[in-house]
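Notes for the one structure printed next.
What you see is a predicted model, and the numbers here were worked out from it, not measured in a lab. Throughout, protein chains are lettered first and strands after them, A, B, ... in sequence-line order, and every chain is numbered starting at 1.
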Amino acid sequence: MTTATSKRKPADEGGAVFDRELDDLPQELRRREWMGRIEAVLFASVSPVSREDLARVVGQGASVEMLIDDIQAELSGRPYELVQTAGGWMFRTKTQFADAIKASADLGDQSLALTEMEMGVLCAVAYHQPIDRAGLKDIFGKEVSRDLLARLRYRDLIASGPRSPRPGAPHTFVTTETFLAMFGLQSLRDLPELAMAGPGST
Amino acid sequence: MTYQATAISDDPTKLPHLPRWVTSGHAETLETAAFRSGAALTVLEQLVSDPRYGVPMKLLANRLALSAATATSKLEGRLAREGDIRDAYHLTPPGEARGPDGDLLAFWRAAARIRTDGAGEIADLMGPDFADEVGIRLKEAQDRIRAHGPLAGCVFVLRAVLDVDDRAERSACLLSDVVLARALNWKVVLPVTAQRLTKTMLRDLDSNGQGADLAVQVRILESIEETIRMARDLACRAEALRTVKPKLRAKASDSAVDLFLTEDAVAPASMLSPRIRGTNTPMTDRAARRFCDRLVELDVARELTGRPTFRLYGISP
């Protein structure tokens, strides 16, 4: 079965058109091939892949969601999973293996970890967006350095949003889809409720 | 300098209005709610579909979109105020991120622009989770409407969408608006469902709580009544603006007036100059500011924000 499909592929790619429908395959094989394609696309991509992009590699009538459900079912025992985040789906290692990955990769100081202040600013932006530097100053009681904001922006965790209606028209900051993906949120509504983070829980 | 006061024709007898028996008292059963909604929808239908009444439809839709955004922001727990949402949308430079508040208003403005027969457009707005279901739900809602009236159809799709995802308030309200528009054969979707709903009501609806159907129907009915009031009000204000049009001597005043008749908030610096949005007519920054000041002077427009800078003007408060 697998050899048959792998033999087919180069022939397809040689042709001018990419065969989405796979009409010549029986039902079951066609599904397998579609699932394989979705998995391959997700595996090859660094960022989440949107539904429209995935729909382009499977047949017109096929439901991307159902194919992904099947893939997820097959992955149940694996150390990585297929998750839906902002803007699409992506492969992610399960959190329980975080320590193993850290131990093996020797990430050192240049890891993804954010400093306490960076984390604080990111939180403030997430909850109070759109917010400008003056607004952040009101929250932290001190100027938030442009360097720190530039670092967050360089990592694509925040982006510039609407202009703030103050003298000088400073731009405000808003969080990005990368921010949602990094923290495993589907939307901003998944942020923990502020009331819950009060003195009761800490 | 003083100007002759503008004679605003707000003859209340000319525009259709709600009979007293609809607005007085409270709908206490599903039957009375359905009955009253029939009367209210007839009046709204007349205002919306008869061009003689001069209701500025695009302006009405955009204004409703803003209130719907404020209401859904509450439903989603973000609690953004109307002014914040309007600012986020209008003060974002092209190409930058609008942020959640601006995106929400953009969603509702897009909703007010979809064609009711375009299932594809509706599905695009509702997102991938519901893309496959839209057609089926709309058909089922139609059966509901045939048996129990439009409001029952609205409640039905609200519940159907919330069943799939209880956080999809905006999609649920949008689909309900589509159902209402289709039931009345409107070409445009007016965002009325979200306006007065509360979180508790939607939670009750989702868990099939006692009397949840009636509570939601009554709120939608109230917001339809509110929309009638708004439509009448906007018709009068638009009429006033059209009356003063000959007095406006700015070169591009015709196109600028048209913009005021479609947008609920106009930022002179970005929407009137260097070119009036949607047209090729040029207008300088200064001319744009003077034009807006002149409208305020003539008492047909208002400054909406109360700020000395980044002002937004509109003909409705």
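- Counting heavy atoms from C-beta on, the side chains of A/P165 and B/T305 never come closer than 4.5 Å.
- Atoms CD and NE2, on B/E96 and A/H171 in that order, are 7.5 Å from each other to the nearest 0.5 Å.
- Shown are B/T92, B/D101, B/L91; of these, the side chain to side chain contact (heavy atoms under 4.5 Å, CB included) with A/P130 is made only by B/D101.
- With a 4.5 Å cut-off on non-hydrogen atoms, A/S164 touches chain B through its backbone but not through its side chain.
- Ranked by heavy-atom pairs under 4.5 Å with chain A, the list B/P100, B/G99, B/P308, B/G102 is led by B/P100.
- Heavy atoms of other residues, nucleotides or ligands lying less than 6.0 angstrom from CZ of A/R31 number more than 12.
- Contact annotation for A/E52: neither backbone nor side-chain heavy atoms come within less than 4.5 Å of a heavy atom of chain B.
- The number of heavy atoms from other shown groups lying within 6.0 Å of CZ (A/F43) does not exceed 12.
- Of all non-hydrogen atoms in B/P93 and A/G161, the two that sit nearest each other are CD-O, 3.9 Å.
- Shown here for B/E76 and A/R189, the closest heavy-atom pair between the two residues is O-NE, 3.4 Å.
- B/R81 CZ: 12 or fewer foreign heavy atoms inside a 6.0 Å radius.
- Remark: B/R78 CZ to A/L191 CG distance equals 9.0 Å, nearest 0.5 Å.
- Within the 4.5 angstrom heavy-atom criterion, atoms from both the backbone and the side chain of A/A169 approach chain B.
- Summarising the local packing, CE of A/M66 is surrounded by 12 or fewer heavy atoms from other residues, nucleotides or ligands at distances under 6.0 Å.
- For A/K137, the NZ atom is loosely surrounded, since the number of other residues' heavy atoms within 6.0 Å does not exceed 12.
- Residue-environment remark: CD (A/Q96) exceeds the threshold of 12 foreign heavy atoms within 6.0 Å.
- For B/R167, the parts lying near chain A are the backbone and the side chain together; criterion is any non-hydrogen pair under 4.5 Å.
- For a residue to count as touching a neighbouring chain, one of its non-hydrogen atoms must lie under 4.5 Å from one of that chain's; by this rule A/E65 touches chain B with the side chain only.
- When heavy atoms are compared at a cutoff of 4.5 Å, A/R163 approaches chain B by way of both its backbone and its side chain.
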